[in-house]
Structure formats: structure tokens, C-alpha cells
**Q** 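Okay, handing you the structure first.
Every number for a ligand or one of its atoms is a count from 1 in the order of the listing. Position 1 is the first residue of the sequence, and the numbers go up from there. If you're wondering where the values come from, they're calculated on a predicted model, not measured in any experiment.
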Amino acid sequence: MKSQTITHSAEETIAFGRSLAAELSPPLTVLLRGDLGAGKTTLVKGIAEGFGAARAEDVTSPTFTLVHEYRGPHITLYHIDLYRIDTQRDLETLGLDDLLAPNCILLIEWGEKFPLLRRDQNLEITLERVGETERRIERTTVESLERRT
Ligand code: ADP
Ligand code: MG
């Protein structure tokens, strides 16, 4: 299934993430796609708030740290940025497989670089810049991803 929405500010994207959280149940691997500055990390701020795992202002990009963990009362979120990871071998040293416990959700930026990760994903969210503060956000569940191939 595909659905799409347009947000008009970072705050709206955060609000969208908050409501999206209500529809996500673990275990789950979510790929966040889109260019630099598209709003992937901004969306994670909202998702983390939705789960009561972090306040929006406390969610920052894991560009250099690679993995950030946010623990909520019921679920743990792992926000992962693979922009700086280039090889399957480096990816394996991150041990993402071990993170996917029953109560965990992985939110992965730049995961599409790795075919193995694409295979394991449950949901893909693509953000696209359509204006200074407008972003198109498209969700694709894995059933329709499979049909596409
Ligand atoms: P990414 O993680 O995709 O590289 P970020 O979320 O870090 O992107 O950055 C998005 C930037 O765009 C932020 O500076 C944010 O304030 C700005 N922005 C402007 N409008 C929007 C919007 N509608 N949704 C999300 N971010 C927006
Ligand atoms: Mg980011």
C-alpha cells in the first residue's frame, strides 16, 4: 500500500511522525529515504516523541555516531545513519541484526545502499523536497515493494 502527504514545515513533519508512531508496532525495520536535508531526521524526532522515547529537540542526526538509541516505556528506537558506511563488512560491524529485538524499531537513513537491508525492511518512507519548506512524504509497505520488483 502506498500513501502520501505533503508537509509545509519541519513542525508539521514532526507532527506527522508523532501520528505515524501510533501505526508502527515492533519488531520493525523502516528505511527512511531521501536526499540530504529532505527531512528524514526531522521525521524521526516526531516518531520518537510519539513513542515517548525522546523529545524532538533531543533527537539529533547519528551521522557520526551511526546509531542512536531512544528508550520509550514500551519500545526502543534505534536511529541509524549509514551515510558514512560504504561496505557490507563495515555494516556488519554495526551488528544491526542484534538490535532487532521484539520490542525494537529500527529507523534507518541511507539503508537503501545495502541490498541485504532492503530485503529485510518492512516499511519504506521517502521524503522529497518540493519547496523551501514543503516536503512530500510517501509510505510504501513491504507488500507493494515486493510487487514492484
Ligand atoms: P535529512 O535527515 O533527510 O538529511 P534533516 O531532517 O536533518 O534531513 O533536515 C531537514 C531540514 O529541512 C531541517 O533543517 C528542517 O528544519 C528543514 N525543513 C524545512 N521544511 C521542512 C519540512 N516540511 N519537513 C522537514 N524538514 C523541513
Ligand atoms: Mg538525517
**Q** Is E12 near ligand 1, meaning one of its heavy atoms is under 4.0 Å from it?
**A**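 No, E12 has no heavy atoms under 4.0 Å from ligand 1.
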**Q** Can you tell me if S61 contacts ligand 1 (heavy atom of the residue under 4.0 Å from the ligand)?
**A**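 Outside the 4.0 Å threshold, so no.
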**Q** With a 3.5 Å distance limit and no angle check, can you tell me whether R89 reaches the backbone of D86 through a side-chain donor-acceptor pair?
**A**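 Not at all, since once roles are kept as given, no pair shorter than 3.5 Å links the two residues.
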**Q** Does G34 have a non-hydrogen atom less than 4.0 Å from ligand 1?
**A**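 For ligand 1, residue contact (heavy atoms, under 4.0 Å) with G34 is absent.
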**Q** Between R71 and T76, what is the shortest heavy-atom contact and its length?
**A**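 In this case the closest contact between R71 and T76 is CG-OG1, 3.8 Å.
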**Q** Of all residues at least two apart in sequence or in a different chain, which pass the salt bridge (Lys or Arg N to Asp or Glu O under 4.0 Å) check with D90?
**A**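 By the salt bridge (Lys or Arg N to Asp or Glu O under 4.0 Å) rule, D90 matches no residue at all.
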**Q** Just to confirm my output: which protein heavy-atom neighbour is closest to atom 8 (O) of ligand 1, and how far is it?
**A**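 In this structure, atom 8 (O) of ligand 1 has G39 N, 3.1 Å as its nearest protein heavy atom.
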**Q** What residue and atom, counting heavy atoms only, is the protein's closest point to atom 6 (O) of ligand 1, and at what distance?
**A**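 The closest one turns out to be T42 OG1, 2.6 Å.
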**Q** Which protein non-hydrogen atom lies closest to atom 24 (N) of ligand 1, naming both residue and atom, and how far is it?
**A**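 Closest protein heavy atom to atom 24 (N) of ligand 1: T13 OG1, 2.6 Å.
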**Q** Considering only non-hydrogen protein atoms, determine which one is nearest to atom 12 (O) of ligand 1 and report residue, atom name and distance to 0.1 Å.
**A**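 Ranking protein heavy atoms by distance from atom 12 (O) of ligand 1, first comes R135 NH2, 3.1 Å.
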**Q** Within a distance under 4.0 Å of any heavy atom of K40, pick out the atoms of ligand 1 and give their elements.
**A**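 What qualifies from ligand 1 is 1 (P), 2 (O), 3 (O), 4 (O), 6 (O), 8 (O).
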**Q** Spell out, yes or no, whether L77 and I14 are grouped together once hydrophobic residues are joined by side-chain heavy atoms under 4.5 Å, including indirect joins.
**A**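 Different clusters: L77 never reaches I14 through Ile, Leu, Val, Met, Phe, Trp or Tyr contacts under 4.5 Å.
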**Q** Measure the distances from the heavy atoms of D35 to every atom of ligand 1 and state whether one is below 4.0 angstrom.
**A**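 In this structure, D35 qualifies as a contact of ligand 1 - some heavy atom is under 4.0 Å.
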**Q** Quick one: do L32 and F114 end up in the same hydrophobic cluster if we chain Ile, Leu, Val, Met, Phe, Trp and Tyr together by side-chain heavy atoms under 4.5 Å apart?
**A**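 Per the 4.5 Å side-chain linkage, L32 and F114 are not co-clustered.
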**Q** Identify, with sequence neighbours excluded, every residue that meets side chain to side chain donor-acceptor pair (under 3.5 Å) alongside E23.
**A**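 So E23 forms a side chain to side chain donor-acceptor pair (under 3.5 Å) with R139.
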**Q** Restricting to non-hydrogen atoms, name the atom on E12 and the atom on T7 that form the minimum distance, rounded to 0.1 Å.
**A**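 Residues E12 and T7, closest heavy atoms: OE1-CA, 3.3 Å.
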**Q** So what's near the Mg ion (ligand 2), protein N, O or S atoms under 2.8 Å?
**A**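 T41 OG1, E109 OE1, with waters left out.
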**Q** Are E112 and R118 ion-paired here, with the side-chain N under 4.0 Å from a carboxylate O?
**A**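 Looking at R118 together with E112, the answer is no, because their closest N to O distance does not fall below 4.0 Å.
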**Q** Between E138 and R136, does any NZ, NE, NH1 or NH2 come within less than 4.0 Å of an OD or OE carboxylate oxygen?
**A**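 E138 and R136: not salt-bridged.
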**Q** Can I get a per-line list of side-chain donor-acceptor pairs under 3.5 Å for residues 35-47, giving both atom names and the distance, sequence neighbours left out?
**A**
from, atom 1, to, atom 2, distance (Å)
K40, NZ, G34, O, 2.8
K40, NZ, D35, O, 2.9
T41, OG1, E109, OE2, 2.6
K45, NZ, A56, O, 3.0
K45, NZ, V59, O, 2.8

